[in-house]
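These notes are about the structure you will find just below.
Reckoned from all heavy atoms, side chains included, excluding hydrogens, waters and symmetry mates. Lettering of chains follows the sequences in order, A, B, ..., and the numbering in each one begins at 1.
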2 protein chains.
Amino acid sequence: MTRATPPPMPTEAEVAILEVLWDQGRSTVRQVHEVLGPRTGVGLTTVLKLMQIMVTKGLLERDTEVRPQVFWPAQAQRQTQKRLVRDLLDKAFSGSPGELVLQALSVRRSTPEELAEIRRLLDDLEARS
Amino acid sequence: MTRATPPPMPTEAEVAILEVLWDQGRSTVRQVHEVLGPRTGVGLTTVLKLMQIMVTKGLLERDTEVRPQVFWPAQAQRQTQKRLVRDLLDKAFSGSPGELVLQALSVRRSTPEELAEIRRLLDDLEARS
DNA sequence: CCTTTTTTACGAATGCGTTCGTAATGTGTC
DNA sequence: GACACATTACGAACGCATTCGTAAAAAAGG
């Protein structure tokens, strides 16, 4: 099944699974559950079911040839994060990123490296206008 | 009913209502519906019901003395936005704001004023470390 | 004060996300 | 091949967000 439209927004539980896959790379259901289970207490079949749903939604892909089956994200982490940010922007910030950035920077301490990178991007954006 | 714990996270529909109230200030159900109705096609009683639920959740307050009743947000916009950002941060960015900021700045063009303000905040944060 | 309209309350239906029990299928071992 | 174990599929239940119909209460208009 090929897919013209991009996959839908992942739900909360789905994002948790995506995070594991982005972090660990291709994984089996068991491997994902080994991370999520202890942390959330969720059952193995629950993780399996979610991952199956995610395949039908186009959020994950899988290799059914091997046993156990191996799953991986259909979209890169950046892509998905961008969608999530855009969504929050539209829903709660009237589409203006500035306020969101300010809130994000205030909420938690960033590392100096991160701050430097943000500054570089800022230079970039200002130079272009 | 006073409230020790902060109100819970607003849902999507609830954020839409909060946005109207932040924008217009204290409003009646009808006034909120006049904004949301045309945009989303939602019915008047639906808006009412949601706003009633939001009162019980501690998201809104209301004056029942006047007719029609007047509602207003229990929390400032900044407060709520901060909660939403923190939530997204935890769920999808492993709690590190830098990546979120980068995504936010890439998604949409910011005004030069916004960029300047972000730069000021950046100076502030770097000076403090 | 009666009628009409607006406002408010209540109850219920629907849909979606999440969860897991149980069954079916596959794999490895003796 | 028979048994034990792991993997996968399926179906159903549960809770929550959202929706609206309908009815009760209040206000406005005559």
Side-chain angles (χ1 to χ4, degrees), chain A residues 1 7-21 26-72 80 83-84 87-88 91-92, chain B residues 1 7-21 26-72 80 83-84 87-88 91-92:
Chain A
M1 176 176 67
M9 287 270 297
T11 67
E12 185 167 345
E14 288 169 350
V15 170
I17 289 172
L18 285 172
E19 289 241 296
V20 175
L21 292 173
R26 305 182 166 216
S27 306
T28 65
V29 171
R30 177 168 296 276
Q31 287 167 334
V32 172
H33 179 250
E34 269 160 12
V35 177
L36 259 35
R39 190 189 303 164
T40 68
V42 76
L44 178 66
T45 56
T46 303
V47 175
L48 168 67
K49 177 73 165 190
L50 281 172
M51 290 174 75
Q52 287 171 340
I53 292 173
M54 291 172 77
V55 169
T56 72
K57 283 189 184 177
L59 289 168
L60 294 187
E61 306 195 8
R62 69 172 160 183
D63 183 355
T64 55
E65 302 300 310
V66 300
R67 278 310 147 108
Q69 301 176 355
V70 174
F71 297 73
W72 62 93
T80 305
R83 282 176 61 92
L84 292 169
D87 185 61
L88 180 61
K91 284 198 305 203
Chain B
M1 177 174 67
M9 287 271 298
T11 66
E12 184 166 345
E14 288 169 349
V15 169
I17 289 172
L18 285 172
E19 289 241 296
V20 175
L21 291 173
R26 303 182 167 219
S27 306
T28 66
V29 172
R30 176 168 296 277
Q31 286 167 334
V32 172
H33 179 250
E34 269 161 12
V35 177
L36 258 36
R39 190 190 302 163
T40 67
V42 78
L44 178 65
T45 56
T46 303
V47 176
L48 168 67
K49 178 73 166 190
L50 281 173
M51 290 173 75
Q52 288 172 341
I53 292 173
M54 291 172 77
V55 169
T56 72
K57 284 190 184 177
L59 289 168
L60 294 187
E61 306 194 9
R62 69 171 161 183
D63 183 356
T64 56
E65 301 299 311
V66 300
R67 276 318 144 105
Q69 301 176 355
V70 173
F71 297 73
W72 63 92
T80 306
R83 283 176 60 91
L84 292 169
D87 185 61
L88 180 60
K91 285 198 303 203

Can you tell me how far [atom2] of [N] sits from [atom1] of [X], to the nearest Å?
| X | N | atom1 | atom2 | value |
| --- | --- | --- | --- | --- |
| Glu12(A) | dC16(D) | CD | P | 14 Å |
| Leu48(B) | dT18(D) | CG | C1' | 14 Å |
| Arg67(A) | dT7(D) | CZ | P | 10 Å |
| Leu44(A) | dA9(D) | CG | P | 13 Å |
| Ile53(B) | dA12(C) | CD1 | C1' | 13 Å |
| His33(B) | dT7(C) | NE2 | P | 12 Å |
| Leu50(B) | dT19(D) | CG | C1' | 8 Å |
| Leu36(B) | dT18(D) | CG | P | 12 Å |

Is there a side-chain contact between [X] and the phosphate of [N], meaning an N or O under 4.0 Å from OP1 or OP2?
| X | N | value |
| --- | --- | --- |
| Thr46(B) | dT18(D) | no |
| Gln69(A) | dT7(D) | no |
| Arg62(B) | dA9(C) | yes |
| Arg30(B) | dT7(C) | yes |

Handout entry: Val66(B) or Glu65(A), whichever maps to the more 5' nucleotide of DNA chain C
Key = Val66(B)

Where the side chain of [X] is concerned, which of [options] is the nearest nucleotide?
| X | options | result |
| --- | --- | --- |
| Glu14(B) | dT18(D), dT8(C), dT19(C) | dT18(D) |
| Val42(B) | dA17(D), dT19(C), dC20(D) | dC20(D) |
| Thr45(A) | dT19(C), dC10(C), dG21(C) | dG21(C) |

Exercise for the section: Report yes or no: is there a donor-acceptor pair, N or O only, under 3.5 Å between the side chain of Lys49(A) and the base of dG11(D)? Expected result: yes

Practice task
Before giving the answer on side-chain contact (heavy atoms from CB on, under 4.5 Å), spell out for Leu59(B) and Ile17(B) the whole-Å C-alpha distance, their side-chain angles and the decisive distance to 0.1 Å.
Solution key: CA-CA 10 Å; Leu59(B) 289 168; Ile17(B) 289 172; over 6 Å; no

Exercise for the section: Return the minimal non-hydrogen interatomic distance between Arg83(A) and Pro7(A), and the atom names on each side. Expected result: NH2-O, 3.2 Å

Practice task
Have a look at Thr11(B) and say if it touches a base, only the backbone sugar-phosphate, or nothing, with a 4.0 Å heavy-atom cut-off.
Solution key: sugar-phosphate

Practice task
Give Gln52(A) one of three labels, base, sugar-phosphate or nothing, depending on what nucleic acid heavy atoms sit under 4.0 Å from its own.
Solution key: base

Exercise for the section: Taking atom CD of Glu12(A) as the centre, report whether more than 12 heavy atoms of other residues, nucleotides or ligands fall under 6.0 Å from it. Expected result: no

Practice task
Check step by step if side-chain contact (heavy atoms from CB on, under 4.5 Å) holds for Leu48(B) and Met51(B).
Solution key: CA-CA 5 Å; Leu48(B) 168 67; Met51(B) 290 173 75; 5.7 Å; no

Exercise for the section: Step by step, work out the side-chain contact (heavy atoms from CB on, under 4.5 Å) result for Glu19(B) and Val35(B). Expected result: CA-CA 10 Å; Glu19(B) 289 241 296; Val35(B) 177; over 6 Å; no

